[in-house]
Number of protein chains: 2
Amino acid sequence: MNKQSIRLSVDAVVFGYEEDHISIVLIKRKYEPFKGQWAIPGGFALNDESLEAAVERELQEETGIKINYLEQLYTFGNPNRDPRGRVVSVAYFGLVRPDAFKIVAATDAEQVQWFSINDLPELAFDHKHILEKAIKRLQDKITYQPIGFELLDKKFPFSDLEKLYATVLGRAIDRRNFRKKIINLDILDELDEKVSRGSGRPANLFQFNPEHYFKRKKEGIIFEI
Amino acid sequence: MNKQSIRLSVDAVVFGYEEDHISIVLIKRKYEPFKGQWAIPGGFALNDESLEAAVERELQEETGIKINYLEQLYTFGNPNRDPRGRVVSVAYFGLVRPDAFKIVAATDAEQVQWFSINDLPELAFDHKHILEKAIKRLQDKITYQPIGFELLDKKFPFSDLEKLYATVLGRAIDRRNFRKKIINLDILDELDEKVSRGSGRPANLFQFNPEHYFKRKKEGIIFEI
DNA sequence: ATATATTTGTGTACAAACAACACATAATGA
DNA sequence: TCATTATGTGTTGTTTGTACACAAATATAT
């Protein structure tokens with residue numbers, strides 16, 4: 001067998017949600033190739049660490065961000081995707097809670113920044129392609145798995161959830177029907193707490209109950225928006 | 001950066017359907033490790049070929065099978081999954097038409113064989129794990145994408161489609177409602193051909209019309225079983 | 001303090017989709 | 001020619017989805 005010389009990297013598209021828009025974390029590259037350009041965080045896997053461990057390590061090193069949800073997205077293996085040679089990248093898909101926004105802001109000097117997905121800079125490598133796939137995954141998956149909660153504070157008013165869905169799916173959502181549907185799934189705990197944000201009637205807070213969700217799922221209830 | 005020594009392989013879980021059961025292609029390993037054990041086809045990627053090309057080449061070399069549908073499944077990167085050292089494997093998911101059964105049967109001497117997924121031998125490496133993921137993908141995807149047709153002859157009687165779904169999903173299907181649903185999608189051409197197989201009224205043949213499907217999809221029709 | 005603007009919270013009626021179900025037809029084979 | 005087997009088809013009741021408006025609770029401006 002001839003000698004294989006392929007290097008393996010991991011990359012992560014990390015989504016956040018705040019103020020009615022979806023953002024992702026980008027880093028500004030310090031070295032060639034694509035020096036000075038924005039890219040999604042990532043790097044080479046070590047010989048003895050799992051792919052998940054590699055992503056988590058790279059995210060920690062490059063952004064200091066506290067990831068909340070992580071899953072494999074896709075593996076990109078086009079022979080020409082990296083000018084340094086053959087690099088196959090296993091891309092991951094991550095979600096963080098709103099408080100992670102501040103963490104990144106604090107390490108601003110390290111060239112880490114949130115970008116709204118409606119206002120992105122040019123990206124290094126094939127990262128635009130990776131990102132497109134990630135956005136599609138987010139849009140698809142949010143409709144059949146309860147991952148939206150991973151983008152909100154643990155306790156949230158119903159309107160936050162509704163706006164998140166409207167933003168991600170890019171369409172209006174009927175407030176009453178949406179609420180009815182979610183409530184009927186019986187996977188949220190309604191708390192005895194209210195929050196008032198600006199004018200308007202204060203909203204009751206809700207909390208996703210994963211145990212209840214899994215129980216309901218086994219009973220045959222299906223999450224679907 | 002320290003020297004990375006990770007090797008990259010590709011593997012393929014190839015599904016076929018015939019006589020009311022789902023089968024996959026396995027090969028008997030000629031070399032260590034796991035010599036003599038059954039495994040899903042695959043091998044190391046070459047430096048300058050895409051991952052898809054690598055899978056197709058390996059499938060060709062090892063099984064001679066004519067693949068009909070191929071998509072990436074998942075990348076398995078556990079550091080201990082291969083006793084030879086660190087090997088990360090990009091697994092693919094494939095479907096073939098019934099006529100491919102015969103092709104494999106013809107190359108029987110090469111230790112290639114179809115196994116019903118209800119009657120599998122022990123598998124090498126973490127291939128059982130890969131297979132489980134593939135089966136889940138098949139079951140999920142067949143309900144929201146028209147991939148079932150890739151497992152049938154181009155022209156098929158409706159009952160074949162119905163039995164395929166019953167087999168894959170592991171549950172009975174109401175014949176009338178199923179037919180109604182599929183017909184209403186308006187993605188099949190009804191042919192002026194009949195086929196008679198054994199006793200019973202001869203069945204009309206149908207054919208999947210991909211162009212029509214994509215047109216309908218753009219119009220907002222969603223495939224869903 | 002009062003009026004206005006803003007956001008939350010809630011129910012009903014109509015339409016569409018789903019689920020359950022039986023019998024006639026066209027062939028084979030005994 | 002009679003029994004068996006598989007195909008082909010429609011209706012009805014139930015469930016789910018969709019459209020839609022007004023009262024309650026607060027903040028803000030006057």
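Everything quoted here is computed from the prediction, not taken from an experiment. First the proteins, then the strands, lettered A, B, ... as listed; each starts at 1.
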- Parallel, tilted or perpendicular: which describes the rings of F208(B) and Y213(B), with under 30° parallel and over 60° perpendicular? tilted

- Task: Kindly say whether the aromatic ring centers of F15(A) and Y17(A) come within a distance under 6.0 Å.
- Result: no

- With S89(B) as partner, the option from T75(B), D11(B), N78(B) fulfilling side chain to side chain donor-acceptor pair (under 3.5 Å) is D11(B)

- Message: Classify N204(A) by what it touches in the nucleic acid, base, sugar-phosphate, or nothing, heavy-atom distance under 4.0 Å.
- Response: sugar-phosphate

- According to the interplanar angle, ranging from 0 to 90°, do the rings of F125(B) and F34(B) count as parallel (below 30°), tilted (30 to 60°) or perpendicular (above 60°)? tilted

- Whole-Å distance separating the CD1 atom of I225(A) from the P atom of dT18(D): 11 Å

- Query: In terms of side-chain heavy atoms of S199(B), which of dT8(C), dA27(D), dT5(D) is nearest?
  - Reply: dT5(D)

- Item | Interatomic distance where CZ belongs to R201(B) and C1' belongs to dA6(D) [whole Å] | 9 Å

- Message: Would R179(A) pass as a cation-pi partner of F158(A), given that its NZ or CZ must be under 6.0 Å from the six-membered ring centre and within 45 degrees of the axis?
- Response: yes

- Query: Can you find a pair of side-chain heavy atoms, one from D160(A) and one from R197(A), that are under 4.5 Å apart?
  - Reply: yes

- Message: I want to confirm an ordering. Mapping D174(A) and K181(B) to their closest nucleotides on DNA chain C, which one lands closer to the 5' end?
- Response: D174(A)

- Message: Rounding to an integer number of Å, can you tell me how far E190(A) CD sits from dT10(C) C1'?
- Response: 12 Å

- Query: Whole-Å distance between dA24(D) C1' and K194(A) NZ?
  - Reply: 11 Å

- Specify the residues of residues 154-168 of chain B, ordered by number, for which at least one heavy atom lies under 4.0 angstrom from an atom of DNA chain D. S159(B)

- What nucleic acid atoms does R197(B) come within less than 4.0 Å of, heavy atoms only: base, sugar-phosphate, or nothing? nothing

- Task: Measure the distance from CD on E193(B) to P on dT7(D) and round it to the nearest whole Å.
- Result: 17 Å

- Parallel, tilted or perpendicular, as decided by the 30° and 60° cut-offs, for the rings of F223(B) and F149(B): perpendicular

- Task: Assess whether one donor atom and one acceptor atom, taken from the side chain of K180(B) and the base of dT11(D), lie less than 3.5 Å apart.
- Result: yes

- Query: Between I182(B) (CD1) and dG8(D) (C1'), how many Å, whole number?
  - Reply: 16 Å

- Message: Using the side-chain heavy atoms of N177(A), tell me which of these nucleotides is nearest: dT7(D), dT28(C), dG11(C).
- Response: dG11(C)

- Query: Can a side chain N or O of R179(B) be found less than 4.0 Å away from OP1 or OP2 on dG8(D)?
  - Reply: yes

- Query: Roughly, in whole Å, what's the span from CZ in R175(A) to C1' in dA21(D)?
  - Reply: 11 Å

- Message: What is the distance, to the nearest angstrom, from the CD1 atom on I173(B) to the P atom on dA20(C)?
- Response: 13 Å

- For the side chain of R176(A) and the base of dA21(D), is some donor closer than 3.5 Å to an acceptor across the two? yes

